[in-house]
Amino acid sequence: MKKVFSENFWKISSARPVNTFRKLVLISLVISGLISIIRFGDWWFREEHLGNLFLFIVLSATLWYGMLRLIIIWINYLGVSRPNFQEAPEGLSVAIFTTSSPGEPLSMFEKTLEACSKIDYPHTTYLLDDTKDSRFREVAEKYGAVWLELVGVPGAKAGKINAALKMTNEDFILVLDPDHVPFPEFLDQTLGFFSDPKVGFVQVSQGYYNQFRSFTAKAAAEQTYTFYGPTQMGMNGYNCAVAIGANCTFRREALESIGGHGIGLAEDLVTSIRIHAAGWKSIYHPVIVARGLVPEDFGSFCKQQLKWARGVHEVLFEEVPRLFSKLSFWQKLSYMTIGTYYLEGLVSLIYLLIPFLFFWFDLLPAKMYFVEFVEFGFPVLFFSTIIYFYVQQWLSFPSGESGLHWRGMVMKFACWPVYLMGFLLSLVNKKIPYIPTAKQAVQGKLSPFAKPLVVQIFLYLVTLVYVFYSRKFEMNEVEIIESAEITYGMLAFASIPFVLALISLYAVWESSQLEAESPWQEIPKQL
């Protein structure tokens, strides 16, 4: 993929301000979108549309699960806000924690620790190391960081953070992933918000510098643009912005009030919900003051998504019920919405099966004319698209992040088996190990995560042959005419995921051809 850096790529950037006029336009769009959904719902639940009762219930539950999430997203956008910036006061004691694990490239730490040493606000950087490699200590000391050897500490990254908390005394701690390169202004952009003694953590946006390396990397980055822009800004307006694993500055007192950093596959979300439940406020500042890495190959991306899917369900099934009564209404809604995100795997499977159940078993969930479905469903799609593009004015790096983000959509579909696996593992409480996301492309054969996509493509092609064969040789002219609309409507319905699967296989193939590189070596020397 062609490498494209704008001249401002390595400079601080932020979302545009929120004003009354822009909010009023957004409100009008959301109201219009809600009207289109109500109109669609009134049409959908007509008695004459009922086909197979069980499948109609399943399909309706699946469809309206998506509609409900869409409505919640729109309502969240209505809360979009930027916190009033405050200058960082002098004299605060600040620590930066970054962790190293066996197998991570030493040269990456050279760039990260060097950048930490250039952060303007006075601080102490700590390298929490369990590599048993003396070179990491040498690099840390070279750039003025304190080396803490934490070998064998349970709890992965979060465990090392908690161990380091007991060995340090700074009042504010920036948790920085080792693949993120901070800008000099980082702490100046976050510490001022702690002037409010109720603020427990300040989260900033994330940007990525290797997103041009592959289709997968660009898709992974695209999936984050809206989240780190209008989504988190909306959550900020409702005091339910969440902490992310990197670029989050914590008040030590807030962490200590919950017994330390949360441990788990989604340790950041665990920490976030516990801090909110303890009564602390959160701040989301939509500014890019660091850039990091996203997975470059399909297999690494799927492993990351599996870890997140399993971890998020841990929060949904364990943390949310336990802390539910201590959360505000919007916090409850937010964490439940986040916790059910990876149900997309089950939803996608149901949508995939509907056409095949019809063609192979003559099971039809709903009796609807395809033209009517388009007539009543198109307005929902129209306003969804308009709102999606409208809120992009609040992206954290508008000049480089605006657009359709179609690669991200493709990769989201490609991961439906991964999301489904994460959900099923959660139901049986099957644990999976915490594995750091690969920092370089993993070379090798085609990823085994692609197998469900291959099966899906094969099933579609076999079904296509079967449909045209049966219509040409087994049906009379009357049957062909009477079944034309439903047949071609179902084929169109099945063709969309077929095309998405084909594009996904391109990402799989491209990943097998990637050579491992060290993208941090190309970062400008002035950083």
Let me check something: any side-chain donor-acceptor pairs from residues 488-497 under 3.5 Å, sequence neighbours excluded? List them with distances.
| unit_1 | atom_1 | unit_2 | atom_2 | d |
| --- | --- | --- | --- | --- |
| S495 | OG | Y460 | OH | 2.7 |
| S495 | OG | L491 | O | 2.6 |

With sequence neighbours left out, which residue pairs that include part of residues 350-359 fulfil the side chain to side chain donor-acceptor pair (under 3.5 Å) condition?
none

With sequence neighbours left out, what residues match E401 under salt bridge (charged side-chain N to carboxylate O under 4.0 Å, His left out)?
none

Residue set satisfying side chain to side chain contact (heavy atoms under 4.5 Å, CB included) with I263, at least two apart, ordered chain then number -> A158, N162

Report the residues that fulfil side chain to side chain donor-acceptor pair (under 3.5 Å) with T487, sequence neighbours left out, ordered by chain and then residue number.
R471

Qualifying residues under ring pair (Phe, Tyr, Trp, His ring centres under 6.0 Å), relative to Y469, sequence neighbours excluded:
F473

Determine which pairs satisfy side chain to side chain donor-acceptor pair (under 3.5 Å) with at least one residue from residues 362-376, sequence neighbours left out, and list them in order.
W43-E372

Can you name the ring pair (Phe, Tyr, Trp, His ring centres under 6.0 Å) partners of Y466, sequence neighbours left out?
W360

Ring centres of H49 and F56 under 6.0 Å apart?
no

Which residue pairs pass the salt bridge (charged side-chain N to carboxylate O under 4.0 Å, His left out) test when at least one of the two sits in residues 286-296, sequence neighbours left out?
R213-E296

Applied to residues 341-350, the side chain to side chain donor-acceptor pair (under 3.5 Å) test, sequence neighbours excluded, yields none

Does F356 have any ring pair (Phe, Tyr, Trp, His ring centres under 6.0 Å) partners at least two apart in sequence or in another chain, and if so, which?
none

Ring pair (Phe, Tyr, Trp, His ring centres under 6.0 Å) partners of F54, counting only residues at least two apart
none

